[in-house]
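As structure tokens, the structure follows; a few thoughts come after it.
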Amino acid sequence: MPFNVVYVLLLVNVAIGVAPDGPWVDFNLSPESKTIYPSGLKGVYGAVSNAHNLIDGGDATFSAKDSYFTLDFGQEVGGLISLNVDTASPESRIALSFTESPLYISPTTSDDSAVQCANMSYDGVLALPIPLTTGYWTMSADRLRGGFRYLTIVSGADSPVTISNVSCSITFMPHWQDLRDYAGYFYALDPYSSDEDFLTKIWYSGAYTVQTVTIAVDTGRKDPPVPGWENNATAGIASPIIVDGAKRGRAVWSADLGLAVSTQFVSTNDLIPTRNAIATLFSEQNPETGQLPYSGPPLSEEGSDTYQAWTLIGTYNYHLYSGDTAWLQETWANYTKALQYLEDKVDSTGLLYVTATGDWGRLWQGGYNSEANAILYKASTRRPVFKASTIMNDTALAAAYAANASSLKTRFNEGFWSPTEGMYRDNLTSKLYPQDANSLAVLFNLTIFAEQASSVSAGLTRYWNEVGAVSPELPDNVAPFIGAMELQAHFASGNDARAMDLLRVQWGYMLYTPISVQSTLLEGYTSNGSLYYRSYDGYDYDASFISHSHGWSTGPTSALTFYVLGLTVTSPQGQTWSVAPHTSGLPAAQGGFETPLGWFGVMWTSTTGNFSISIATPEGTTGEVQLPFNGTVSVDGNVLAHNTWEIITLAGGNHTLVVQTSK
Ligand SMILES: *[C@@H]1O[C@H](CO)[C@@H](O)[C@H](O)[C@H]1NC(C)=O
Ligand SMILES: *[C@@H]1O[C@H](CO)[C@@H](O)[C@H](O)[C@H]1NC(C)=O
Ligand SMILES: *[C@@H]1O[C@H](CO)[C@@H](O)[C@H](O)[C@H]1NC(C)=O
Ligand SMILES: *[C@@H]1O[C@H](CO)[C@@H](O)[C@H](O)[C@H]1NC(C)=O
Ligand SMILES: *[C@@H]1O[C@H](CO)[C@@H](O)[C@H](O)[C@H]1NC(C)=O
Ligand SMILES: *[C@@H]1O[C@H](CO)[C@@H](O)[C@H](O)[C@H]1NC(C)=O
Ligand SMILES: *[C@@H]1O[C@H](CO)[C@@H](O)[C@H](O)[C@H]1NC(C)=O
Ligand SMILES: *[C@@H]1O[C@H](CO)[C@@H](O)[C@H](O)[C@H]1NC(C)=O
Ligand SMILES: *[C@@H]1O[C@H](CO)[C@@H](O)[C@H](O)[C@H]1NC(C)=O
Ligand SMILES: *[C@@H]1O[C@H](CO)[C@@H](O)[C@H](O)[C@H]1NC(C)=O
Ligand SMILES: *[C@@H]1O[C@H](CO)[C@@H](O)[C@H](O)[C@H]1NC(C)=O
Ligand SMILES: *[C@@H]1O[C@H](CO)[C@@H](O)[C@H](O)[C@H]1NC(C)=O
């Protein structure tokens, strides 16, 4: 393709963003300005006059101790609060408290970001310095509050004090001026949801969630925690960096990258924070063993074979989306060493024997665990390693990985498949059929025959209730990270209606429940929808410790793009691509994303008897189209001679395909 065309596209991009305008931009949750003001007043208690003025640019006055009011920013935000103290006496006192969930609005405590045990203190309040002076005041940077929706302001004295101009200066996405400048979009009306905009909303919810966890590297959470909270720890080797959650833990967690990088790619195409996160984990690799930490600094915890494999998958995905071969080259020796660390744990049985048992919170990790073996398969299988090795011109190693992966797949099925249950066991002797390994086995193509995938997809519904899929391997918990794997597994096995059911129930709960922030996505919750997670690891967790904006819960964003639109890249930057829509009963969908090669977009409509799709990809690329219906196919107006279920190869550019499906 002509190089100058790409160059022009990139320039345009920097200036205006590449995603087209349309009704979907109304669902973009990113604020227009980095300085935001509260949009609502949640409650007023005691002697406060005119608290509502703070929504309209006016002032409010406290005239008694312990009086307070709560401002509502309308959605999850994070950053530094500023306000003006207009009148005060030396005895006046005010303090701030923060919470994501309205359940923890309190004049004496914030929700918990630092200490997770219910028997210890909450984060407390942030008092303004005394004696209180009039004028403009801003929180000090180390007390940054990374995620909240509600801000409570309380008077600590009877002496009157008048304040105005309460605002929040957003600190996430520090490298972006216009937070709404997305590179991708998604839009589809959902006639089966009570809210027809649900699918579009959840796509933007995931995108915004990942923005809130993209932070300046020097704003990590201090560990071990101090009384109150401190968010000025160094979270990695370069800035900006992507972490797990907005409020907490504000540290790199490798499994979270397994999902969040795809969210980033389809929405903002802002991949450098992922590179910095992965590079941070590699920089702390144990030079002797090849083991990686499974969380970044200041935690830098070691001891998870599954997370070791997720880091490798995240690395592959980063390279697939970005085409950053120069970086892969720098990292290659560490990457292969990290994979060798896992391969060395594959013993004479042909299966990985897990000894580093850290994981996403589930119980019974260790030994010949099926989830861990599924993730190792993905990390060492053809797509990630073979392709990466080929790019690295390491074909002998590629062949060795491929051979090992193939034998692992055979052993996986011999060891874990239960023909009577039609699902995979948790380990060689277990009678538990876990959500994680079963979802991953389908998603990562560990199944050998198609009936297995269908059987697993059907079997997983036994764990569903009215708020989502309850993981049997973490009893009583709904784990959106693993739920995202299940969601994709239903699509991947062709069970689109089931995928959409899970999406509407589980992510619908997260998006609409009034006990969360109704904008970004919860880390986890219990089987009755209450705020609690990982209740079985020996800690009496405080429910307010739950994060309401967690990157690992954003699976639907990429699933809607990759499956419902059906648009994926199959080699770095989309030099080759694939379009295979899962129409899922919807009448229409459109969207796309951008890579350094240019714009990739899909728009389809589906009516009885007629499926029509427009595909826009950059000149010079090639792609494969798998149509979702059989019938008479025309490509750019020319009726195709061969059978429609065969894959259609297209050169980049704009194409329209129509299938007449009527019998
Ligand atoms: C973080 O802030 C605290 C309180 O101001 C300060 O004592 C500490 O040195 C800061 N840490 C770093 C790494 O800057
Ligand atoms: C009000 O707050 C904004 C945002 O923090 C700030 O830019 C502005 O200077 C403040 N106004 C006054 C009068 O201090
Ligand atoms: C590779 O690992 C070593 C430690 O084993 C570390 O010092 C180095 O920074 C890592 N290199 C990269 C590119 O991550
Ligand atoms: C692999 O080999 C090809 C062809 O010789 C070359 O263009 C490419 O730069 C090499 N890749 C790396 C990462 O060295
Ligand atoms: C393949 O598996 C064998 C046996 O487990 C192991 O010794 C070898 O290191 C593996 N090869 C690679 C490239 O991972
Ligand atoms: C296998 O999984 C079960 C839970 O289903 C667990 O109780 C048991 O300890 C595990 N066995 C081994 C050897 O890890
Ligand atoms: C899944 O694995 C089978 C071999 O068991 C292979 O033939 C097939 O191409 C794989 N599918 C994908 C999508 O990689
Ligand atoms: C919801 O589940 C939690 C955790 O299992 C439990 O503590 C709580 O009592 C339950 N709430 C209701 C209303 O059943
Ligand atoms: C709080 O509970 C944890 C376990 O949940 C325990 O380890 C710790 O000692 C307890 N702390 C206090 C002060 O009781
Ligand atoms: C099929 O759909 C396309 C796009 O909506 C439309 O242009 C065409 O007229 C339709 N054909 C029939 C037979 O309905
Ligand atoms: C199209 O027909 C082929 C061959 O009969 C069949 O395998 C395939 O499942 C059909 N596809 C759809 C979407 O109905
Ligand atoms: C291809 O389609 C895109 C939008 O889908 C449009 O912006 C672009 O102008 C089209 N290109 C050509 C050459 O028609």
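These numbers come from a predicted model, not from an experiment.
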| query | Of the options Asp218, Asn232, Asn231, which is the one that meets Asp142 in a side-chain contact (heavy atoms from CB on, under 4.5 Å)? | reply | Asn232
| Per the side-chain contact (heavy atoms from CB on, under 4.5 Å) rule, which among Ile278, Asn317, Thr311 passes with Leu257? |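 Testing Leu257 for a side-chain contact (heavy atoms from CB on, under 4.5 Å) against Ile278, Asn317, Thr311 leaves exactly one candidate, Ile278.
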Establish, from distance only, whether the side-chain atoms of [X] and [Y] form a donor-acceptor pair under 3.5 Å.
{"X": "Ser558", "Y": "Ser262", "result": "no"}
{"X": "Asp195", "Y": "Ser193", "result": "no"}
{"X": "Thr108", "Y": "Ser106", "result": "yes"}
{"X": "Glu466", "Y": "Tyr509", "result": "no"}
{"X": "Thr554", "Y": "Thr557", "result": "no"}
{"X": "His550", "Y": "Ser547", "result": "yes"}
{"X": "Thr209", "Y": "Thr520", "result": "no"}
{"X": "Asp476", "Y": "Thr526", "result": "no"}
{"X": "Ser164", "Y": "Asn84", "result": "no"}
{"X": "Thr35", "Y": "Ser167", "result": "no"}

| request: Check the pair Met139 / Leu144 against side-chain contact (heavy atoms from CB on, under 4.5 Å), numbers first and verdict last. | output: CA-CA 7 Å; Met139 276 163 72; Leu144 177 159; 5.5 Å; no
| request: Please step through side-chain contact (heavy atoms from CB on, under 4.5 Å) for the pair Trp203 and Phe27, ending with a clear verdict. | output: CA-CA 9 Å; Trp203 191 92; Phe27 304 102; over 6 Å; no
| Are Tyr525 and Tyr532 near enough that their ring centres are under 6.0 Å apart? | no
| field | Output field: ring centroids Tyr294/Trp360 closer than 6.0 Å | value |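 Not close enough - the centres of the two rings lie 6.0 Å or further apart.
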Between [Y] and [X], is the closest basic N to carboxylate O distance under 4.0 Å?
{"X": "Asp111", "Y": "Arg145", "answer": "yes"}
{"X": "Lys247", "Y": "Asp112", "answer": "no"}
{"X": "Lys201", "Y": "Glu196", "answer": "no"}
{"X": "Arg149", "Y": "Glu100", "answer": "no"}

Hey, does the side chain of [X] reach the backbone of [Y] with a donor-acceptor pair shorter than 3.5 angstrom?
{"X": "Arg93", "Y": "Ala127", "result": "no"}
{"X": "Asn53", "Y": "Asp59", "result": "yes"}
{"X": "Thr219", "Y": "Ile215", "result": "no"}
{"X": "Asn28", "Y": "Ser30", "result": "yes"}
{"X": "Asn465", "Y": "Ser527", "result": "yes"}
{"X": "Trp507", "Y": "Ser553", "result": "yes"}
{"X": "Ser67", "Y": "Val48", "result": "no"}
{"X": "Thr280", "Y": "Ile237", "result": "yes"}
{"X": "Asp256", "Y": "Gly551", "result": "no"}
{"X": "Thr162", "Y": "Thr87", "result": "no"}

So, do [X] and [Y] sit near enough that their side-chain heavy atoms are less than 4.5 Å apart?
{"X": "Ser110", "Y": "Trp229", "result": "yes"}
{"X": "Pro191", "Y": "Leu586", "result": "yes"}
{"X": "Tyr318", "Y": "Asp324", "result": "yes"}
{"X": "Met500", "Y": "Leu199", "result": "yes"}
{"X": "Leu54", "Y": "Leu71", "result": "yes"}
{"X": "Phe73", "Y": "Tyr150", "result": "no"}
{"X": "Pro293", "Y": "Glu301", "result": "no"}
{"X": "Thr561", "Y": "Phe265", "result": "no"}

At what distance, to the nearest 0.5 angstrom, does [atom1] of [X] lie from [atom2] of [Y]?
{"X": "Gln211", "Y": "Ser549", "atom1": "CD", "atom2": "OG", "answer": "10.0 Å"}
{"X": "Met173", "Y": "Asp181", "atom1": "CE", "atom2": "CG", "answer": "9.0 Å"}
{"X": "Asn269", "Y": "Thr595", "atom1": "CG", "atom2": "OG1", "answer": "7.0 Å"}
{"X": "Ile55", "Y": "Leu41", "atom1": "CD1", "atom2": "CG", "answer": "5.5 Å"}
{"X": "Ser530", "Y": "Ile546", "atom1": "OG", "atom2": "CD1", "answer": "9.0 Å"}
{"X": "Ile170", "Y": "Thr212", "atom1": "CD1", "atom2": "OG1", "answer": "10.0 Å"}

| Which residues share a ring-ring contact (aromatic ring centres under 6.0 Å, His included) with Tyr37, sequence neighbours left out | none
| message | If you apply the rule side chain to side chain donor-acceptor pair (under 3.5 Å), what do you find for Thr513 with Ser516, and how did you get there? | response | CA-CA 6 Å; Thr513 177; Ser516 187; over 6 Å; no
| message | Show, in sequence, the C-alpha distance, side-chain angles and deciding distance for Tyr512 and Phe198, and conclude whether the side-chain contact (heavy atoms from CB on, under 4.5 Å) test is met. | response | CA-CA 10 Å; Tyr512 298 117; Phe198 170 66; 3.4 Å; yes
| task | Please assess Arg248 against Glu523 for the test salt bridge (Lys or Arg N to Asp or Glu O under 4.0 Å), listing each intermediate value before the final yes or no. | result | CA-CA 10 Å; Arg248 63 137 271 277; Glu523 173 183 24; 3.0 Å; yes
| task | Quick one: do Gln264 and Tyr321 satisfy side chain to side chain donor-acceptor pair (under 3.5 Å)? Show the steps, please. | result | CA-CA 10 Å; Gln264 257 175 351; Tyr321 301 146; over 6 Å; no
| said: Tell me every residue that passes salt bridge (charged side-chain N to carboxylate O under 4.0 Å, His left out) with Asp223, counting only those two or more places apart in sequence or in another chain. | reply: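 Per chain and number, Asp223 pairs via salt bridge (charged side-chain N to carboxylate O under 4.0 Å, His left out) with no residue.
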| request: Any chance you could lay out the side-chain contact (heavy atoms from CB on, under 4.5 Å) test for His175 and Asp270, step after step, and finish with the verdict? | output: CA-CA 10 Å; His175 56 308; Asp270 172 42; 2.9 Å; yes
| request: Could you please spell out the steps behind the side chain to side chain donor-acceptor pair (under 3.5 Å) verdict for Tyr208 and Gln75? | output: CA-CA 11 Å; Tyr208 181 59; Gln75 65 179 54; 3.3 Å; yes
| field | Residues Phe69, Phe62; criterion ring pair (Phe, Tyr, Trp, His ring centres under 6.0 Å); working and verdict | value | CA-CA 10 Å; Phe69 58 85; Phe62 294 98; 5.2 Å; yes
